[in-house]
Amino acid sequence: MKIEHAGIMDTVKDGIVTAVKGGGDIVKATVDTVSNTLSTTLKDTGKVGASATEAIGDVAGGAIHGAAHVGAHLGQASKGIVIGVLHGTKHVGSAAIDTIGHTAEAVIHHTAAVGGKLEHASTGLVEGAIHSAKEIGVSAEDAAAAATDGALKAAGKVGSTAVETVHDAATKTAHGAKAVVKQAKVAVSGNK
């Protein structure tokens, strides 16, 4: 089962649309669809490194487009994307931190592309990262910081209002993580 770019996005989008229209929970539908598609794609193609990163972006894009297509809450979809990507890649430790950051960047990029609410996506990303932290062997703070950093990096490409929106949403979500969010914002501001 070799699936490339548009094929991966369409596979995930169709899976999300079918599950949600069938009365499925958006978080569970997203976790299952993203995890299964990514796991199969990585295994079948032997993708690693940059190719795996590309596959993660494609899967995240398909999930956001599918959720937007059926009017599902993009925050709940974003939470499911982070959890699903981590399950699908089986990354732990520092590799998982990198994966969270890249996933967050892809989710914000695709959320902006569909005209979705960045604050909802940001909230879901941080919630998904925190939810997965113990399972992947990292602290909740580090997981939240990785999600925030990736989201802010993508928001920086959208514009200053997007950066403020993402920053504010992540700050409200990550209880006690304001210092982490401020550090991530400084890192993004320094990259302009």
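Every value quoted in this text rests on a predicted model; they were computed, and no experiment measured them. Only this structure's heavy atoms are used, side chains among them; waters, hydrogens and symmetry mates stay out. Residue indices begin at 1 and follow the sequence shown.
To the nearest 0.5 angstrom, Ile56 atom CD1 is 5.0 Å from Thr103 atom OG1. Distance check, rounded to the nearest 0.5 Å: CD1 of Ile64 to OG1 of Thr111 gives 3.5 Å. Note that CG of Leu152 and OG of Ser122 are 7.5 Å apart. Values are rounded to the nearest 0.5 Å. Interatomic distance, NZ of Lys117 versus CG of Leu74, reported as 10.0 Å (0.5 Å rounding). Taking CG of Leu118 as the start and OG1 of Thr165 as the end, the distance is 6.0 Å to the nearest 0.5 Å. With values rounded to the nearest 0.5 angstrom, Ile81 atom CD1 is found 11.5 Å from Leu38 atom CG.
The two residues Ile100 and Ala147 make their nearest non-hydrogen contact at CG2-N, 3.4 Å. Scanning both residues, Gly66 and Val17, for their nearest heavy atoms gives O-CG2, 3.7 Å. Contact record, Ala96 with Ile136: CB-CD1, 3.6 Å, taken as the closest heavy-atom pair. The two residues Ile16 and Ala67 have their closest heavy-atom pair at CG2-N, 3.7 Å. Across all their heavy atoms, Gly57 and His102 have their closest contact at N-NE2, 3.8 Å. Contact record, Gly128 with Ile83: O-CG1, 3.9 Å, taken as the closest heavy-atom pair.
No single ILVMFWY cluster, assembled from side-chain heavy atoms under 4.5 Å apart, contains both Val34 and Val92.
Only one option out of Thr41, Thr33, Thr37 pairs with Thr11 in a side chain to side chain contact (heavy atoms under 4.5 Å, CB included); it is Thr37. Each of Val82, Leu125, Val85 was evaluated against Val107; a single residue qualifies, Leu125, per the side chain to side chain contact (heavy atoms under 4.5 Å, CB included) test.
Looking at heavy atoms from C-beta onward, Val70 lies in side-chain contact with Lys21 at the 4.5 angstrom threshold. The side-chain heavy atoms of Val166 and Val158, taken from C-beta on, include no pair separated by under 4.5 Å. A 4.5 Å side-chain heavy-atom check between Lys157 and His109 finds every atom pair outside the cut-off.
Classification of the His110-His65 ring pair by plane angle, with boundaries at 30° and 60°, yields perpendicular.
Listed by first and then second residue, the side chain to side chain donor-acceptor pair (under 3.5 Å) pairs involving residues 76-87 are His87-Glu135 (not counting sequence neighbours).
Inspection of the Thr99 and His91 side chains reveals an N or O donor paired with an N or O acceptor under 3.5 Å.
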